[in-house]
Amino acid sequence: MLKLEDIASFVAVAEVGSISAAARRGGWSKSVVSSRLAALEEDLGARLFHRTTRRLSLTEDGAAFLVRARRLVQDVDEAVADMAERRGELAGPMRLSAPVTFGRTHLGPALYPFLARHPAIALTLELDDRRVDAMAEGFDAVIRHGRIEDSRLVAWTLARGQRRLVASPDYLARHGQPQGPADLAGHRAIYYLNRGIADWRFEGEGEEPTDFVRPPAALRVNNGDMMRDAALAGLGLAMLPSFIVGPDIRAGTLKVVDIGLHAAPEYLYVAHPEGRKVSAKLRALVDWLRTAFGDPPYWEVGEEG
């Protein structure tokens with residue numbers, strides 16, 4: 001007889017790739033997860049994973065079973081949540097992904113009072129700057145800044161996400177203030193590795209976004225905090241969102257570099273897999289975050305170049 005907890009453990013291991021990580025995510029012990037996997041394989045009469053010393057990988061049977069198993073676990077979670085919602089409660093598990101810097105500095109402080117108000121919600125928040133595959137990795141939703149590139153996602157806007165081209169006063173004193181796009185070629189830049197040089201897109205009033213000559217790279221890194229630190233250290237120009245550099249701009253430790261154009265607008269959004277039922281708790285969270293961030297968002301209020 002198949003047990004739901006065995007199937008849930010299998011789905012967790014398949015999504016994170018190891019028994020240890022699945023145990024941490026589910027709040028279980030490693031021995032419990034291992035015994036559940038063994039029991040499930042025995043009940044199914046099939047081997048679900050190839051086991052190596054470093055990582056588990058799905059067998060052909062495991063990959064086929066995962067599709068149905070994931071849906072089964074999600075259906076049960078949704079059924080439990082639906083029963084709670086019938087009683088006027090927001091309850092049940094919810095798994096989100098968000099960028100590291102935004103999650104730590106803005107999302108977390110907005111989330112904590114929401115979770116305190118709805119203690120029956122069991123939220124798992126994974127901070128990661130990479131573009132996770134929400135559908136394949138089993139996330140209920142992802143929170144991101146930028147452009148939506150996955151057509152399988154349905155997105156709701158949370159807030160405007162203005163970006164600024166910035167540099168330290170020391171860097172500008174040593175290398176000069178660029179007056180226009182053509183002057184960028186004589187500077188050095190700090191690039192966001194997850195987007196690359198193509199991330200630098202500018203536009204004028206009423207114009208379409210335009211790409212210009214990019215400075216050579218002083219640093220490529222996949223984290224916004226390190227980009228900010230590198231800019232503060234005078235390493236080069238950086239294109240960063242206001243939710244990271246707003247305080248530095250207000251304090252004067254970073255200056256907005258005016259080249260007569262501004263960065264193409266982007267938004268902070270929450271996106272969920274297309275075709276999946278949207279829970280009442282996710283809708284409530286989106287409404288809560290929109291109110292908490294404001295319009296315009298609080299991190300841009302009072303910003304000066």
Side-chain angles (χ1 to χ4, degrees), residues 1-83 91-100 103 121-144 148-155 194 222 270-279 281-282:
M1 180 80 177
L2 296 181
K3 297 180 179 179
L4 181 61
E5 58 264 31
D6 296 346
I7 297 173
S9 295
F10 161 71
V11 171
V13 173
E15 290 178 345
V16 299
S18 78
I19 290 175
S20 298
R24 287 193 298 272
R25 191 173 96 176
W28 309 307
S29 69
K30 289 175 58 178
S31 60
V32 165
V33 176
S34 295
S35 63
R36 286 177 177 176
L37 286 183
L40 182 61
E41 289 183 323
E42 183 176 349
D43 288 340
L44 292 173
R47 191 176 182 86
L48 300 175
F49 290 102
H50 297 296
R51 290 165 170 82
T52 68
T53 56
R54 292 189 174 183
R55 188 174 177 85
L56 300 179
S57 60
L58 288 167
T59 63
E60 185 175 344
D61 286 336
F65 185 65
L66 177 61
V67 176
R68 299 289 184 89
R70 180 183 281 140
R71 184 67 260 174
L72 176 63
V73 172
Q74 289 171 346
D75 284 345
V76 172
D77 288 342
E78 289 172 4
V80 172
D82 284 345
M83 293 299 294
M94 182 164 55
R95 186 166 174 242
L96 303 178
S97 172
V100 175
I121 294 177
L123 177 65
T124 299
L125 175 63
E126 299 187 24
L127 300 183
D128 198 327
D129 285 336
R130 69 183 175 90
R131 296 275 170 165
V132 302
D133 187 328
M135 187 169 292
E137 298 181 49
F139 287 100
D140 293 296
V142 296
I143 295 173
R144 284 292 178 265
I148 303 168
E149 298 172 348
D150 191 338
S151 61
R152 301 170 301 167
L153 296 178
V154 177
N194 289 0
N222 66 345
V270 59
H272 64 86
E274 186 178 30
R276 184 177 298 175
K277 180 183 177 182
V278 180
S279 65
K281 57 182 175 287
L282 180 58

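Keep in mind it's a predicted model, so treat the numbers as computed, not measured. Values below: all heavy atoms of this structure, side chains included; hydrogens, waters and symmetry mates excluded.
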note = Residues Arg95 and Asp140: closest non-hydrogen pair is N-OD2, 2.7 Å

query = Quick check: does any side chain N or O of Asn194 sit under 3.5 Å from a backbone N or O of Asp129, one acting as donor and the other as acceptor?
reply = yes

query = If you measure from CD on Glu15 to CG on Leu58, what distance do you get to the nearest 0.5 Å?
reply = 10.0 Å

request  = Test side chain to side chain contact (heavy atoms under 4.5 Å, CB included) on Ile19 and Leu56 and set out the steps.
outcome  = CA-CA 8 Å; Ile19 290 175; Leu56 300 179; 3.8 Å; yes

key: Atom of Val73, atom of Ala8 and distance for their closest heavy-atom approach   = CG2-CA, 3.9 Å

message = Does any part of the side chain of Arg152, heavy atoms only, come nearer than 4.5 Å to the side chain of Pro273, both counted from C-beta?
response = no

query = Can you tell me if Ser31 and Ser29 form a side-chain donor-acceptor pair at under 3.5 Å?
reply = yes

Rounded distance (nearest 0.5 Å) linking atom CZ of Arg130 with atom OG of Ser97 = 7.0 Å

note = Heavy-atom closest pair (Leu40 atom, Asp6 atom, distance to 0.1 Å) is CD2-O, 3.8 Å

key: CG-NE2 distance between Leu96 and His272, expressed to the nearest 0.5 angstrom   = 12.5 Å

task = Indicate the atoms forming the closest heavy-atom contact of Asp61 with Arg47, along with that distance.
result = CB-O, 4.0 Å

task = Would you give the length of the straight line joining atom OG1 of Thr59 to atom CD of Glu41, rounded to the nearest 0.5 angstrom?
result = 7.5 Å

For the student: nearest non-hydrogen atoms of Lys281 and Pro93, plus distance = CE-O, 3.0 Å

key: Heavy-atom side-chain contact between Arg71 and Val11 under 4.5 Å   = no

task = Can you measure from CG (Leu127) to CD1 (Ile143) and round to the nearest 0.5 angstrom?
result = 9.5 Å

inquiry  = So, taking the atom named CG in Leu44 and the one named CD1 in Ile7, what distance separates them when rounded to the nearest 0.5 Å?
reply    = 7.5 Å

query = Given Met94, which of Leu125, Thr124, Leu123 fulfils the side chain to side chain contact (heavy atoms under 4.5 Å, CB included) condition?
reply = Leu123

key: Over all atoms of both residues, closest heavy-atom pair of Ala12 and Trp28   = CB-CZ3, 4.1 Å

